[in-house]
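All values reported here derive from a predicted model rather than from experimental measurement.
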Amino acid sequence: MTTSAMSQPWARFYNPRAAALASPDPMPLSVLLDRAASTFGARPCSSFAEESFSYAEVTAFVEDLAAGFAAAGIGAGDRVGFLAPAHPSFTVFTFALWHVGAIGVGLNPLYSVRRLTDQANDAGLKAIFTLDDAALLGKAAQIRRASAVKPTLIATSARSGDPHAPASVGNGEGTLTTAAIMAGAGRVARATVDPLTQPAVLQYTGGTTGAPKAAVLTHANLSVNVVQMHSWFPELRPGAESVLAAAPVTHVSGVGPIQNFMVNIAGEMAWMPRFDADAALDTIEQRRITLLLAPPTMFTALLHAAETRGKFDWSSLRNAQCGAAPVSAELKKRFRDATGLTITTLYGMTETSPAAIYSSPARHHDGATGIPLPFTEVEVRSTRDPSIRVATGEPGEICIRGPQVMPHYWQRPDATAQAFVDGFFRSGDIGTMDADGAVTVFDRLKDVIIASGYNVYPADVESAVLKHPAVREAAVIGVPCAYRGETVKAIVSLRDAAGLTIENLRLFLADLLSPMEIPKLLEIVDEIPRNENLKISRLALREREARRREG
């Protein structure tokens with residue numbers, strides 16, 4: 001680690017492994033699989049339903065598919081979309097693309113055809129890779145017809161992680177199968193990759209309006225981030241860990257913290273295309289899962305399902321990481337009571353590959369999110385003038401600089417210029433940093449509720465609401481108010497057979513929140529809307545509220 005990084009106040013809370021990192025070591029991502037296969041070739045890499053494939057087998061699949069891609073005309077610099085849920089073919093797909101120097105593009109299958117078509121045109125897709133599932137093939141065909149770039153469609157079997165398995169494409173519009181493009185393809189030389197400049201993926205950011213905006217994540221961004229993450233967990237043993245791979249692979253969390261992180265330590269990925277809490281518990285027991293990495297909604301669902309069973313064996317777990325949304329103190333306590341493990345909270349975003357800030361057992365965070373990872377600098381800047389750093393403990397916009405931060409947005413110099421200040425990426429999140437360098441993330445700048453001129457952070461209110469014994473999940477939004485400008489509304493789902501009134505909730509919150517923060521409105525629902533990444537969607541709730549008021 002550099003002298004300047006070691007001089008940062010948070011560095012004294014690093015474990016010995018993190019503190020010993022000398023400098024970033026960018027590498028082509030293909031090296032991760034090479035190293036795993038050379039040392040742990042017989043160990044399982046991917047498991048799926050009744051199948052299990054070793055690192056040696058997956059490496060052979062990658063070489064075969066890379067040759068097939070080359071035979072189909074896919075090479076260095078080409079962009080290829082992946083339109084599918086979490087599936088073992090994703091690992092074969094990405095490493096085969098990187099073998100030929102091509103670039104992966106996540107196409108979330110839950111998005112509309114119009115949105116995916118915009119992304120296909122923006123990225124200039126040469127091909128779309130999908131599964132031989134009727135709905136996925138149909139959506140891929142619609143994208144192809146509607147797009148200007150007319151990408152080739154390539155399908156693999158939805159029932160197997162082996163690209164040689166027969167795939168059924170029906171009367172698809174000239175859809176190729178992986179088995180067909182690999183037939184007689186032989187081998188292809190690996191492309192030479194400069195990790196510092198060569199994009200590995202184009203990762204489209206969240207949001208449903210405006211022009212598509214993709215973060216360009218290089219091989220260096222993603223490979224260094226793997227090293228940063230691994231340094232945080234010296235207890236993880238190469239060749240001996242397994243993860244429940246249920247996160248969307250078209251999201252950066254599926255690419256980095258799930259896939260690349262596990263390949264780096266030659267771990268097993270137990271794939272689950274559609275998350276189901278009961279099925280996930282079965283997988284944890286059967287595959288002896290050692291690592292959980294999921295958003296809070298998944299942790300909540302797993303705990304609820306385990307409580308419903310009455311008894312569950314969590315003993316295989318050794319590590320739990322939770323990110324993508326604020327992690328409440330109540331959820332941490334429930335998980336610790338059930339498993340004996342402390343959840344590591346992590347913070348980052350698409351543009352940071354994604355990991356930037358992790359909680360550390362060496363520093364009691366008092367509700368803070370965590371401290372910056374090695375090689376990472378964090379500053380809190382004024383929301384009015386981002387060139388100004390705010391004082392210690394004062395809220396402002398969290399800004400991040402480090403080797404995992406994207407170089408730019410794809411073909412969006414205007415958006416890139418707005419996203420950086422003095423070399424720091426502007427996260428759009430509001431938070432503080434204390435004298436130890438511990439960062440507390442409050443909320444998205446756009447989610448802050450301004451009631452009578454007072455800033456109300458929905459995540460703080462949600463955390464307090466979740467302490468109520470009747471509440472299972474909670475979301476908080478601001479709604480228009482003639483008197484206050486905005487007022488606070490809580491939307492909650494309840495535990496089985498529980499009841500709740502706004503009067504009861506407000507009484508419960510009286511000692512936890514200020515009068516301005518306590519919700520004035522309450523809505524009880526069976527399920528709170530989620531976005532495509534299984535995060536509770538305040539955007540969907542605000543849009544629903546607006547429609548009600550217009551109606």
Side-chain angles (χ1 to χ4, degrees), residues 27-38 45-46 53 55-84 87-107 120 123-132 140 143-144 147 149-157 160-167 169 172-195 197-202 216-219 222-223 249 255 259-260 263:
M27 67 187 82
L29 288 164
S30 294
V31 173
L32 301 181
L33 185 60
D34 290 343
R35 293 192 310 203
S38 66
C45 172
S46 285
F53 299 109
Y55 271 90
E57 289 172 317
V58 169
T59 298
F61 293 162
V62 166
E63 292 176 349
D64 290 347
L65 186 57
F69 280 153
I74 296 169
D78 288 333
R79 281 81 63 196
V80 180
F82 185 88
L83 180 73
H87 190 271
S89 62
F90 180 70
T91 297
V92 181
F93 163 82
T94 50
F95 281 94
L97 277 188
W98 296 334
H99 185 108
V100 299
I103 303 164
V105 182
L107 300 175
L125 292 186
K126 188 160 191 176
I128 294 175
F129 187 99
T130 190
L131 307 179
D132 65 345
I143 297 167
R144 185 179 189 278
S147 73
V149 292
K150 307 301 179 193
T152 299
L153 306 184
I154 301 174
T156 196
S157 172
S160 176
D162 182 350
H164 301 91
V169 296
E173 302 178 7
T175 303
L176 305 174
T177 68
T178 52
I181 65 174
M182 292 187 302
R187 287 287 181 269
V188 62
R190 182 175 296 176
T192 300
V193 170
D194 178 355
T197 60
Q198 173 69 19
V201 298
L202 301 185
V216 175
L217 302 182
T218 66
H219 284 254
L222 290 164
S223 64
V249 292
V255 181
Q259 175 184 272
N260 294 347
V263 171

*asked:* If you compare all heavy atoms of Ala167 against all heavy atoms of Ser157, which two are closest, and at what distance to 0.1 Å?
replied: CB-N, 3.8 Å
*Considering all heavy atoms of both residues, which atom of Thr175 and which atom of Ala155 are nearest to each other, and what is their separation?*
CG2-CB, 4.0 Å
_Pairing residues for His87 by the ring-ring contact (aromatic ring centres under 6.0 Å, His included) criterion, not counting sequence neighbours_ = Phe48
_Side-chain donor or acceptor of His219 paired with backbone N/O of Leu29 under 3.5 Å_ = yes
_Using only atom types and a distance under 3.5 Å, with no angle test, would you say the side chain of Arg79 pairs donor to acceptor with the backbone of Gly77?_
yes
*At their closest point, which heavy atom of Ala185 faces which heavy atom of Gly68, and how far apart are they?*
CB-N, 4.0 Å
*Check: Val255 main-chain N/O paired with Asn260 side-chain donor or acceptor under 3.5 Å*: yes
*Rounded to the nearest 0.5 Å, what's the gap from CZ on Phe61 to NE2 on His164? Could you check?*
7.0 Å
*Would you find a donor on one side and an acceptor on the other, under 3.5 Å apart, between the side chain of Lys126 and the backbone of Val149?*
no
*How long is the span from the OG atom in Ser89 to the CZ atom in Phe129, to the nearest 0.5 Å?*
5.0 Å
*Of all heavy-atom pairs between Phe53 and Ser160, which one has the smallest distance, and what is that distance?*
CZ-OG, 4.3 Å
Side-chain donor-acceptor pairs under 3.5 Å in residues 90-97, sequence neighbours left out?
| from | atom 1 | to | atom 2 | distance (Å) |
| --- | --- | --- | --- | --- |
| Thr91 | OG1 | Gln259 | OE1 | 2.9 |
| Thr94 | OG1 | Phe90 | O | 3.0 |
| Thr94 | OG1 | Thr91 | O | 3.2 |
| Thr94 | OG1 | Gln259 | OE1 | 3.3 |
| Thr94 | OG1 | Gln259 | NE2 | 3.2 |

_Side chains of Asp34 and Met27, heavy atoms from C-beta outward: is any pair under 4.5 Å?_
no
_With a 3.5 Å distance limit and no angle check, can you tell me whether Thr130 reaches the backbone of Leu83 through a side-chain donor-acceptor pair?_
yes
_salt bridge (Lys or Arg N to Asp or Glu O under 4.0 Å) partners for Glu57, two or more places apart_ = none
*Got a donor-acceptor contact below 3.5 angstrom from the Ser147 side chain to the Arg144 backbone?*
yes
*With rounding to the nearest 0.5 Å, note down the distance linking OG in Ser223 to CG in Leu32.*
7.0 Å
_Validation row: Val193, Trp98 side chains within 4.5 angstrom (heavy atoms)_ = no
*Passes side-chain contact (heavy atoms from CB on, under 4.5 Å), Val100 versus Arg190? Steps please.*
CA-CA 6 Å; Val100 299; Arg190 182 175 296 176; over 6 Å; no
*Could you please spell out the steps behind the side-chain contact (heavy atoms from CB on, under 4.5 Å) verdict for Val80 and Ile128?*
CA-CA 6 Å; Val80 180; Ile128 294 175; over 6 Å; no
*With rounding to the nearest 0.5 Å, note down the distance linking CG in Asp78 to OG1 in Thr152.*
10.0 Å
*State, to 0.1 Å, how close Pro28 and Pro195 come at their nearest heavy-atom pair, and which atoms those are.*
N-CB, 4.0 Å
_For the student: nearest non-hydrogen atoms of Val188 and Ala70, plus distance_ = CG2-CB, 3.9 Å
_Just to verify, what does Asp162 make a salt bridge (Lys or Arg N to Asp or Glu O under 4.0 Å) with, not counting sequence neighbours?_
none
*Any pair with a residue in residues 176-188 that passes side-chain hydrogen bond (donor to acceptor under 3.5 Å, both in side chains), sequence neighbours left out, goes on the list, sorted by first then second residue, please.*
Glu63-Arg187, Asp64-Arg187, Thr156-Thr178
*Of all residues at least two apart in sequence or in a different chain, which pass the side chain to side chain contact (heavy atoms under 4.5 Å, CB included) check with Ala123?*
Val105, Leu125, Leu202, Tyr204
_Is there a side-chain contact (heavy atoms from CB on, under 4.5 Å) between Ile154 and Ile74? Walk through the geometry before answering._
CA-CA 11 Å; Ile154 301 174; Ile74 296 169; 4.0 Å; yes
*Got Leu33 and Val62 here, is their nearest side-chain heavy-atom distance under 4.5 Å?*
yes
